[in-house]
Protein chains: 2
Amino acid sequence: MLSRSHPRPPRTGRPRSAAADEAILEATRASLVDLGWSKLTMGDVATRAGVAKTTLYRRWAGKNELVVDAVAVLFDELELPDLGSLSADVQAVVLQFAALLERPETRTALMAVVAESTRDEALRTRIRDSIVDRQKRLVLQGRRRAQERGELPVEPDEGTASTTADLIFDVIAGAVVHRVLVSAESVDADWARRFTVLLLAGLGAAASA
Amino acid sequence: MLSRSHPRPPRTGRPRSAAADEAILEATRASLVDLGWSKLTMGDVATRAGVAKTTLYRRWAGKNELVVDAVAVLFDELELPDLGSLSADVQAVVLQFAALLERPETRTALMAVVAESTRDEALRTRIRDSIVDRQKRLVLQGRRRAQERGELPVEPDEGTASTTADLIFDVIAGAVVHRVLVSAESVDADWARRFTVLLLAGLGAAASA
DNA sequence: CCAGTTACGCTACGGGTCGTAGCGTAAGGA
DNA sequence: TCCTTACGCTACGACCCGTAGCGTAACTGG
């Protein structure tokens, strides 16, 4: 799950401190909670982590990359429960996702890094790999389960199946994000139920269109 | 449409230059296109607008408020066409909204100011008043038209009708924003059609739940 | 045990932006 | 004409950035 070390470490010399890595990421999340995205500085994170500022720059190019990695691990918590029906599974994952977005670390960081990524291709790739794809996996997993249960038809064409999954993903993630971060209203069980009713009814129609 | 002058101007003294206002907002949009949100500075905007930096600070508290106002006017372009059916109207407004989000000014600015607003209540209110509510109006307008056409039932209870409208708004705006800014894929006519099919089918079910 | 190699902590630095204060001048109103 | 407010300009301390340089620490291969 932690394959974020593209340049493989050389076999010689002093190895990088893994403890420092975790301390820095933890300090980054703490700083996000206390200061928020805009007032978070590299110097502050270094101080909190008990590490020199230069050590941060040896591992991350800047604030953007650092925060993405610090927040990404939180998305590992997301998982699709097996509650017996597609409707129950969707509602549960919606509530999970909303709870994650309501945490102060993600709340302040997620939109900020996405905003930065609109002008930084490498950052967009990093976000996609470490955050977005982890959510998307849940959609694919949920569809597979629903098909096994007979709740959803198996789409014959590979292409349309893929674009449908993309559509569903944007609808679910987009709606929850918009509700929490833009409308700034909480996602409770009732909202999740209403949303799921809408989505599943639409899903049936979308498959046959 | 431009009621953004809470502190009403005093009856005496030199009046504020309306030309400078427009020059500053225009310069802000230009700077967003060239530099993006993170590299945009107050000094740069002042230089582009041909005004002193102090003049900016006399009117806006900072970068956040300035950019919100600069981008807000772009959302005035959004309007709900009357194409004869709810489906056609939704598709059209989705394409309009997507086109707006794909402009470099909004692309880089929108998520950034929303991110900032998570820690700034006043900024959140400003965004809501000058951006979000203008979109929400389209949803209410579209529902009213559809009810007049007989495409949608008139919901008896005022409360559930309101929460349903909120849900629809989060789904539409959220899905489009997520598609364009997170998934970073274009919203074409086909996507708009698929999305609308899903939404309208779900709408029927949501009303009766 | 001893070079060789890499990581780390620390200090210092030039460069940039912030937001404000102070001043003289410009543009309206009583 | 006085009064009031807006404007342009300069200057300033404060902060953060990202890097260079150096001595030290940790681990490896001979």
Side-chain angles (χ1 to χ4, degrees), chain A residues 4-28 31-32 34-67 108 112-113 116 119-120 122-123, chain B residues 4-28 31-32 34-67 69 108-109 112-113 116 119-120 122-123:
Chain A
R4 276 186 276 283
S5 48
H6 271 227
R8 66 180 61 84
R11 327 191 61 59
T12 176
R14 177 177 176 174
R16 284 196 173 170
S17 163
D21 259 329
E22 194 44 52
I24 291 170
L25 294 177
E26 176 62 34
T28 304
S31 188
L32 279 174
D34 290 351
L35 306 177
W37 161 266
S38 60
K39 293 185 179 176
L40 179 146
T41 69
M42 297 296 269
D44 177 70
V45 171
T47 303
R48 286 174 190 256
V51 169
K53 197 173 57 167
T54 47
T55 298
L56 265 71
Y57 282 104
R58 289 193 187 98
R59 307 177 186 212
W60 287 278
K63 183 172 162 176
N64 296 332
E65 292 78 7
L66 173 61
V67 169
T108 188
V113 293
E116 292 301 308
R119 297 217 128 218
D120 186 335
L123 183 61
Chain B
R4 276 186 276 282
S5 49
H6 270 228
R8 66 180 61 81
R11 329 191 62 57
T12 176
R14 175 177 177 176
R16 285 194 172 171
S17 165
D21 258 329
E22 194 44 51
I24 291 171
L25 293 177
E26 176 62 34
T28 304
S31 188
L32 278 174
D34 289 352
L35 306 177
W37 161 266
S38 59
K39 292 185 179 175
L40 179 146
T41 69
M42 297 295 269
D44 178 69
V45 171
T47 303
R48 287 173 190 256
V51 298
K53 196 173 57 167
T54 48
T55 298
L56 265 70
Y57 282 104
R58 289 191 187 99
R59 309 179 185 208
W60 287 278
K63 183 172 162 175
N64 295 333
E65 292 78 7
L66 173 61
V67 169
D69 284 4
T108 188
V113 293
E116 292 301 307
R119 297 215 128 220
D120 186 337
L123 183 62

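So you know, we letter chains A, B, ... as the sequences are listed, proteins then strands, and number each from 1.
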Quiz prompt | Interatomic distance, B:R58 CZ vs C:dC23 C1' [rounded to whole Å] | solution = 12 Å
Quiz item: What is the distance from CZ of A:R11 to C1' of C:dG4, rounded to the nearest Å?
Solution: 16 Å
Exercise. Find out whether B:D34 and B:R48 are in side-chain contact, i.e. whether some heavy atom of one side chain is under 4.5 Å from a heavy atom of the other.
Key: yes
Quiz item: Hey, can you pull the residues of residues 13-20 of chain A with a non-hydrogen atom under 4.0 angstrom from DNA chain C?
Solution: A:G13, A:R14, A:P15, A:R16, A:S17
Practice problem: Rounded to the nearest angstrom, tell me the gap between atom OH in A:Y57 and atom P in C:dG9. | Solution: 16 Å
Quiz item: Can you find a heavy atom in the side chain of B:D69 that is under 4.5 Å from one in the side chain of B:T28?
Solution: no
Quiz item: Does the salt bridge (Lys or Arg N to Asp or Glu O under 4.0 Å) test come out yes or no for A:D21 and A:R16, once each step is laid out?
Solution: CA-CA 8 Å; A:D21 259 329; A:R16 284 196 173 170; over 6 Å; no
Quiz item: When the nearest nucleotide of DNA chain D is assigned to A:T54 and to A:K39 on a heavy-atom basis, which residue is associated with the more 5' position?
Solution: A:K39
Quiz prompt | Nucleotide C:dG16, atom C1' - distance to CG of B:L40 in whole Å | solution = 15 Å
Quiz item: Looking only at heavy atoms, which two atoms of A:T108 and A:A112 are closest? And how far apart?
Solution: O-CB, 3.7 Å
Quiz prompt | Atom-to-atom span, CG of A:N64 to P of D:dG18 - whole angstrom | solution = 9 Å
Quiz item: Considering only heavy atoms from C-beta outward, does the side chain of B:M42 approach that of B:L66 to under 4.5 Å?
Solution: yes
Quiz item: Is B:K53 side chain donor-acceptor paired with the C:dG19 base, going by distance under 3.5 Å alone?
Solution: yes
Quiz item: Quick one: which of C:dT17, D:dG8, D:dC17 gets closest to the side chain of B:T41?
Solution: C:dT17
Quiz item: Which value, rounded to the nearest 0.5 Å, describes the distance between A:T55 atom OG1 and A:R59 atom CZ?
Solution: 6.5 Å
Self-check item: Protein-nucleotide distance (B:M42, atom CE; C:dG19, atom C1'), rounded to Å
Solution: 9 Å
Quiz prompt | Minimum-distance nucleotide (side-chain atoms of A:R59 versus D:dT19, D:dC9, C:dA7) | solution = C:dA7
Self-check item: Most 5' of A:G50 and B:K63 on DNA chain C, judged by nearest nucleotide
Solution: A:G50
Quiz item: Looking at the side chain of B:T55, which of D:dC7, C:dG4, C:dT20 is the nearest nucleotide?
Solution: D:dC7
Practice problem: State, yes or no, whether a side-chain contact exists between B:L35 and B:T41 at a heavy-atom distance under 4.5 Å. | Solution: no
Exercise. Starting at atom CH2 of A:W60, determine the distance to atom C1' of D:dG18, rounded to an integer number of angstrom.
Key: 17 Å
